Amino acid sequence: MPVPFAPGGPRRHPGAARGHPPAGPPREDEMARNITTREKDYSQWYLDVIAAAEMADYSPVRGCMVIRPTGYALWEAIQRELDGRFKELGHQNCYFPLFIPESFFKKEAEHVEGFAPECAVVTHGGGERLEEPLCIRPTSETMIGHMWSQWVHSWRDLPVLNNQWANVVRWERRTRLFLRTSEFLWQEGHTAHETEAEAMEETMRMLEVYRSFAEDFLAIPVLVGEKTESERFAGAVKTFCIEGMMQDGKALQMGTSHFLGQNFARAFDIRFEGRDQKLQHAWTTSWGVSTRLIGAVIMVHSDDEGLILPPRMAPALAAVIPIFRNDDEKAKVLAFVEKTLAGLLGEDEVAASLTRFGNSQVQQLFYAQASGQSIVVDRRETMRPGEKHYFWEQRGLPLRIEVGPRDVDGGNLVVKSRLDGSKEVVPAAALTRGYLDAKLAGIQKAMYDRAKSFRDANTHACGSYREFSKFFEAGRGFLRCHFNPSSQAEAQIKTETKATVRLIPVGHTPAPGTDVFTGDPSTTEVVFAISY
RNA sequence: CGGGGAGUAGCGCAGUCUGGUAUGCGCGCCUGCCUUGGGAGCAGGAGGUCGGCGGUUCGAAUCCGCUCUCCCCGACCA
């Protein structure tokens, strides 16, 4: 269903969510010519943004994508940040095999039921039929459970805090770049604990890691809550999630944390002798986020001109665009750029960057060694400045720094924000790390605030099913309602409205009310939405 | 997996109905000149065998069958 996005544009669906307005009035000749507007076709816009930024491409194999360098750099940024957060909490990375014996899945009844339909299975190897078919991992609980059963003997071996960065395969019927592909990259954390309370605590701790990561790093506000039984991970006792709202008002699950109880410990015989000298099953958890987060960043922040990256995540923070009309001006401008950058980043870095052009005339200078974030100088002479502006805008760099003859004469640079289009004339001496860091932090915060305002403006309370149905007929967004979770009611609601319970918010106890569907008394409040 | 749409140069398309040599169109690309504060201009040039396989035909981008991939809707599903 199309949803209007252009500011002041026609609102075909009165209740519909609306995207962020661009800074100025969109003039036909200033709009990206290779990107469909959100208003016209949100789905196509999403694909166009990916294509324009060269983030990913299709592969010859159905449902699989190629993640191109600009897209993969985003995944690396996510990895770097999350990996650090995991390690701070004592998790250790490891690697378990891609192939999992088919029989492993059958050991946990719900797990096999949930994953069997989407498993890719290898039946042949070395030209011969395998004795036992091998599943390509859709997730690794079974393999890890199997290995842990051999490693865990005593309460002193616990907790086990593991994580792996890996690819997984789930045979999907309907795919979409980054959001749902047959193969994707993710991180799966797996932990085993001595007690139920510890495992539960771990489940919530990692959920909180995801929440703060999403909000602080990706600048995406998320709801935190528990899934209902019908949305629960196959084999879990409880599933928790973070849920974000995209600019079309649809929900996207951005991460999950599962309390697995002793289900997998029983299935795989993960037992240890406790402090009480009794043999008992361990309590396990698992939690993950995937390359889907890149899709979330695109759909939450970007606009009709292309990608917009939150500064903390952006592989490149600023693009310097030199402007000149002749050789004299060129020499003058480039010398000024070099001098300014040497002042900002050091002469060594400027010198080192001269060997780092890669396959273009785009010079990369590291701004932050730890994160690998850079500032680029676009020295290409085949492109005029205007074209470079579009080029870097579509790639979502937070800042653009223009340097022309007039600026050099005044000893200034022009700093333009990708987010709101504002320009600032900055004396070269004032272009310091302090200035840039503050500017980038301001953008990071503004992006979060903007996304949060949007989400809040499209979140409503709802008391009757009539109102509920009407809302999802016309528009998108989150509806908070009293509702007593029931698979049967949820199925019917989904059939009638397409909406599902996204989560039961944690951390607050609602006042008593009436169930939006049945009219029964209810003390549970949930959030409904149409989701990806 | 069901319904609908699409696949012709890197991208966007015309040509397909009514078979007859793709010097095809715009953008991009390469060379040169010229230009450079929001996608410049001129001149010259490279690049496609029409998604794939098979069939009909003297002859297939065009007609027929099968198949692959993408997009939209639905079912299924993290």
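A, B, ... follow the sequence lines: proteins, then strands. Residue 1 opens every chain. The figures that follow rest on heavy atoms only: side chains count, while hydrogens, waters and symmetry mates do not. This structure is a prediction, so every number in the text was calculated from the model and none was measured.
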Candidate nucleotides B:C77, B:G37, B:G39, ranked by approach to the side chain of A:E172 - the nearest: B:C77
A:R176 side-chain N/O to B:C72 phosphate OP1/OP2 under 4.0 Å: yes
Residue whose closest nucleotide on RNA chain B lies nearer the 5' end, A:S43 versus A:Y532: A:S43
Whole-angstrom distance between B:A60 and B:C72, as gauged at atom C1': 31 Å
Euclidean distance for C1', B:U8 against B:G12 (whole angstrom): 12 Å
Nucleotide paired to B:G7 in any strand shown, Watson-Crick or G-U, under 3.5 Å: B:C68
Euclidean distance for P, B:G2 against B:U67 (whole angstrom): 10 Å
Nucleotide B:U36, atom C1' - distance to CZ of A:R406 in whole Å: 12 Å
Sugar-phosphate only, base, or nothing, as touched by A:R180 at under 4.0 Å among non-hydrogen atoms: base
Proximal nucleotide (of B:U36, B:G38, B:C1) relative to the A:P385 side chain: B:U36
Assigned partner base of B:G44, Watson-Crick or wobble definition, under 3.5 Å: B:C30
Nucleotide of B:C71, B:G38, B:U36 approaching A:F324 most closely (side-chain heavy atoms): B:U36
Show me the donor-acceptor pairs, under 3.5 Å and distance only, between side chains in residues 101-113 of chain A and residues at least two apart or in other chains.
unit_1: A:S103; atom_1: OG; unit_2: A:E132; atom_2: OE2; d: 2.7
unit_1: A:E108; atom_1: OE1; unit_2: A:E110; atom_2: N; d: 3.1
unit_1: A:E108; atom_1: OE1; unit_2: A:H111; atom_2: N; d: 2.9
unit_1: A:H111; atom_1: ND1; unit_2: A:A234; atom_2: O; d: 2.9

Sugar-phosphate only, base, or nothing, as touched by A:T256 at under 4.0 Å among non-hydrogen atoms: base
Sugar-phosphate, base or nothing in reach of A:D41, heavy atoms under 4.0 Å: nothing
Nucleotide B:C29, atom P - distance to CZ of A:F391 in whole Å: 11 Å
Donor-acceptor pair under 3.5 Å, A:E393 side chain vs B:G38 base: yes
Pairs flagged by side-chain hydrogen bond (donor to acceptor under 3.5 Å, both in side chains) wherever residues 114-124 of chain A is involved - sequence neighbours left out: none
Whole angstrom value for the distance that separates C1' of B:C77 from CD of A:E490: 15 Å
Sequence neighbours excluded, every pair satisfying ring-ring contact (aromatic ring centres under 6.0 Å, His included) that has a member inside residues 393-415 of chain A: none
Length of the line joining A:W392:CH2 and B:G39:P, which is rounded to integer Å: 19 Å
Sugar-phosphate, base or nothing in reach of A:R380, heavy atoms under 4.0 Å: nothing
G-U wobble or Watson-Crick pairing nucleotide for B:G37 (cut-off 3.5 Å, both distances): none
Sugar-phosphate, base or nothing in reach of A:R170, heavy atoms under 4.0 Å: sugar-phosphate
Interatomic distance where CG belongs to A:N326 and C1' belongs to B:C34 [whole Å]: 13 Å
Greater than 12 external heavy atoms within 6.0 Å of A:E229's CD: no
Output field: ring centroids A:Y465/A:F468 closer than 6.0 Å: yes
Nearest-Å distance once atom C1' is located in both B:A46 and B:G10: 13 Å
Sugar-phosphate, base or nothing in reach of A:E402, heavy atoms under 4.0 Å: base
Rounded distance in Å between the P positions of B:U49 and B:A61: 12 Å
Pairwise P distance for B:U57 and B:U62, with rounding to whole Å: 16 Å
Show every donor-acceptor pair shorter than 3.5 Å between a side-chain atom in residues 163-176 of chain A and any protein atom, with sequence neighbours excluded, or say none if there are none.
unit_1: A:N163; atom_1: OD1; unit_2: A:Q187; atom_2: NE2; d: 3.2
unit_1: A:N163; atom_1: OD1; unit_2: A:G189; atom_2: N; d: 3.4
unit_1: A:N163; atom_1: ND2; unit_2: A:N93; atom_2: OD1; d: 2.9
unit_1: A:Q164; atom_1: OE1; unit_2: A:F96; atom_2: N; d: 2.7
unit_1: A:Q164; atom_1: NE2; unit_2: A:S140; atom_2: OG; d: 3.2
unit_1: A:Q164; atom_1: NE2; unit_2: A:E188; atom_2: OE2; d: 2.9
unit_1: A:W165; atom_1: NE1; unit_2: A:D83; atom_2: OD1; d: 2.8
unit_1: A:N167; atom_1: OD1; unit_2: A:R137; atom_2: NH2; d: 2.7
unit_1: A:N167; atom_1: ND2; unit_2: A:E183; atom_2: OE2; d: 2.9
unit_1: A:R170; atom_1: NE; unit_2: A:P138; atom_2: O; d: 2.8
unit_1: A:R170; atom_1: NH2; unit_2: A:P138; atom_2: O; d: 2.8

Value in whole Å for how far the C1' atom of B:C76 lies from CD of A:E231: 13 Å
Partner nucleotide of B:C50 by Watson-Crick or wobble geometry (both distances under 3.5 Å): none
Touch class at under 4.0 angstrom, heavy-atom based, for A:K227 against every strand present: base
Aromatic ring pairing A:W45/A:Y42, orientation class (parallel under 30°, perpendicular over 60°, tilted between): tilted
Any strand: nucleotide that pairs with B:C77 via Watson-Crick or wobble, under 3.5 Å: none
Identified pairing partner of B:C63, criterion: Watson-Crick or G-U wobble below 3.5 Å: B:G55
Euclidean distance for C1', B:U21 against B:C11 (whole angstrom): 27 Å
B:G74 and B:G15, which share atom name C1', separated by this distance in whole Å: 34 Å
Salt-bridge present (A:K416, A:E424; N to O < 4.0 Å): no
Centroid separation A:F233 to A:F115 less than 6.0 Å: yes
Table of protein N/O atoms under 3.5 Å from nucleotides 40-45 of chain B N/O atoms:
unit_1: B:A40; atom_1: OP2; unit_2: A:R384; atom_2: NE; d: 2.9
unit_1: B:A40; atom_1: N9; unit_2: A:R384; atom_2: NH1; d: 3.0
unit_1: B:A40; atom_1: N7; unit_2: A:R384; atom_2: NH1; d: 3.2

Separation of atom CG in A:L47 from atom C1' in B:G5, rounded to whole Å: 15 Å
Side-chain ion pair, A:E208 and A:R205, N-O less than 4.0 Å: no
N/O (side chain, A:K498) to phosphate O (OP1/OP2, B:G74) under 4.0 Å: yes
Sugar-phosphate only, base, or nothing, as touched by A:I321 at under 4.0 Å among non-hydrogen atoms: nothing
Residue matched to B:C13 through Watson-Crick or wobble contacts both under 3.5 angstrom: B:G24
Donor-acceptor pair under 3.5 Å, A:N34 side chain vs B:G12 base: no
Nucleic acid contacts of residues 54-73 of chain A, taken as heavy-atom distances under 4.0 Å to RNA chain B: A:Y58, A:P60, A:R62, A:G63
Short N-O contact, A:R418 and A:D303, less than 4.0 angstrom: yes
Side chains of A:Q394 and A:H389, donor plus acceptor under 3.5 Å: no
Comparing A:S230 and A:R174 on RNA chain B - which has the more 5′ nearest nucleotide: A:R174
Aromatic ring proximity, centroids under 6.0 angstrom, A:F528 and A:F483: yes
